[in-house]
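Have a look at the structure below before the remarks.
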2 protein chains.
Amino acid sequence: MSAASLDCQDRVARLLDQLTRLARGLQFADGLNPAQWDCLRFISRANAHSRTPGAIATFLGTTKGTASQTIIALEGKGFVRREKDPCDRRICRLVITDAGKTKLENDPLRCVRHAAERLPHGTAEMLADGLEQLVCDLRIRHGCHEFGVCNKCGHFIGSGDKAKATCGLLQESIPQTETNRICVSFKKREPAVELGSD
Amino acid sequence: MSAASLDCQDRVARLLDQLTRLARGLQFADGLNPAQWDCLRFISRANAHSRTPGAIATFLGTTKGTASQTIIALEGKGFVRREKDPCDRRICRLVITDAGKTKLENDPLRCVRHAAERLPHGTAEMLADGLEQLVCDLRIRHGCHEFGVCNKCGHFIGSGDKAKATCGLLQESIPQTETNRICVSFKKREPAVELGSD
DNA sequence: CCCACTAGTATCGACTCGAAACTATTAAGC
DNA sequence: GCTTAATAGTTTCGAGTCGATACTAGTGGG
């Protein structure tokens, strides 16, 4: 409410503005552009169900047409490969090539992580908490979907046997290598309620 | 160093990634795109010396050609006007029109500020401090210039009489309305040193 | 078998992006 | 004063984003 506190909220907004510009600038690197880096990065972190053009469009907040174009560009540069799904031939699975994996090792956004590592002890925690609140607030107010990994998802059915995880939505078992990957169908897990009033 | 602390640095990086995407998405609004909003926003905050195509390119980290194109788009939409400098006819001064001012009142990034205002007491301060360190680190490592306002600039020569501020670089007096505006020629003010060893 | 639905692609026009070539205009050297 | 260099902007190019719209192909229900 005070002038000083108003000032600091302004600082947050302007620093984020700077950071956004900085991060964007960094991503015009190595022959790719920000959209292509975003796409490549997502494919590398997504579960099998989400490594498709449609899922990429949903995650990146764009349209299927745009996503398709970006994929074509990445394919042309040899960083991504298309594979038809044998079960449902409408679906196109995206696979990162070896060249793509090598490329990702030089992800220009890696330096943001390194900068976070150089922050003093405790600062990174506070920063992460503050950012989380900010992101959460913005997401709610702008109706943006939240994405998360399988093993924290409301559809995840885990058993004592770690090797036998299942997705309640797709009715499919989830390989252990996939449980820690991002899914476009992520649903926030409800806190266990005993007395629900529908 | 621990796994937990590694996790939180990862959180910072990913939250910033999300925030960047969110902010970018918000800026495809109202008939403008992110580059155009950035440009309009900068012109409204820059001092007279910096309201030129070249300065915009420097500040936004792009080329003069690209900045020129963005200005043409804004001019076509009636938010910006060009004026030839009478002293140096190479220079083109940019002026925001009334329509441009109205437009800026609905700046989509305003909501980031509002989100910051809704943070609990103290969180915004910590967030701003953490972000500042991060931005500073990234700027140094990537050779990006820092921009600031006249009255905090190393070239600023203020006197007891507030109305008589001067810019040591341009050898020009600075009107009072301009002292709080961004300048592309900003130079970090050296802490007063008495015994300098050159 | 038809029809609705879904996944993805193709095409359009407006625009960004960097790079490079270009036009004015000013300043500096002789 | 005249040439030359530097500066401020613009133009043009090709690749690519972006949303919108129309399209193809495969799936599944009635």
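Order of the sequence lines sets the chain letters (A, B, ...), proteins ahead of strands, with each chain counted from 1.
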Name the residue closer to the 5' end of DNA chain D, choosing between B:Pro53 and A:Asp85 according to the nucleotide with the nearest heavy atom. B:Pro53
How long is the line joining NE2 of A:His49 and P of C:dT6, in whole Å? 14 Å
Are OP1 or OP2 of C:dA10 and a side-chain N or O of A:Ser68 less than 4.0 angstrom apart? no
Listed nucleotide nearest any side-chain atom of A:Ile72, set C:dT25, C:dC15, C:dA10: C:dA10
Quick one: label A:Lys77 by what it contacts on the DNA or RNA (base, sugar-phosphate, nothing), any heavy atom closer than 4.0 Å. sugar-phosphate
Partner of B:Ser44 by side-chain contact (heavy atoms from CB on, under 4.5 Å), out of B:Asp107, B:Ile96, B:Ile182: B:Ile96
Please report, rounded to the nearest Å, how far the P atom of C:dT26 is from the CD1 atom of B:Ile91. 9 Å
Go through the N and O atoms of the side chain of B:Arg89 and the base of C:dT25, and report whether any donor-acceptor pair is under 3.5 Å. no
Below 4.0 Å: OP1/OP2 of C:dC17 and any side-chain N or O of A:Arg24: yes
Specify the separation, in whole Å, of atom CG of B:Asn33 and atom C1' of C:dC17. 12 Å
How close or far is atom P of C:dT16 from atom CG of B:Asp38, stated in whole angstroms? 11 Å
How long is the line joining CD of B:Gln69 and P of C:dA21, in whole Å? 18 Å
If you look at every strand shown and take non-hydrogen atoms under 4.0 Å, does B:Cys87 touch a base, only sugar-phosphate, or nothing? sugar-phosphate
Has B:Thr66 got a side-chain atom pairing as donor or acceptor with B:Thr62's backbone, closer than 3.5 angstrom? no
Atom NZ of A:Lys64 and atom P of C:dA10 are separated, to the nearest Å, by 13 Å
Side-chain donor/acceptor of B:Thr97 to backbone N/O of B:Gly78, under 3.5 Å: yes
Any B:Leu94 side-chain heavy atom under 4.5 Å of B:Ile71 side chain: yes
Base, sugar-phosphate alone, or nothing: which one does A:Arg93 contact when heavy atoms must sit under 4.0 Å apart? nothing
Heavy-atom contact window of chain A on DNA chain D, given 5' to 3' at under 4.0 Å: D:dG16 to D:dT27
Side-chain donor/acceptor contact of B:Thr66 with base of C:dG18 under 3.5 Å: yes
Which residue is it: B:Lys77, B:Lys103, B:Arg41? I am looking for the one with a side-chain contact (heavy atoms from CB on, under 4.5 Å) to B:Gln36. B:Lys77
Closest to the B:Gln36 side chain: C:dT9, C:dG8, C:dT16? C:dT16
Could you check A:Phe147 against A:Phe186 for ring pair (Phe, Tyr, Trp, His ring centres under 6.0 Å), going step by step and ending with a plain yes or no? CA-CA 6 Å; A:Phe147 301 103; A:Phe186 177 82; 8.1 Å; no
Under 4.5 Å between any side-chain heavy atoms of B:Gln27 and B:Leu32, yes or no? no
Would you mind telling me which residue lines up with the more 5' stretch of DNA chain C, A:Ile71 or B:Ala35, judged by nearest nucleotide? A:Ile71
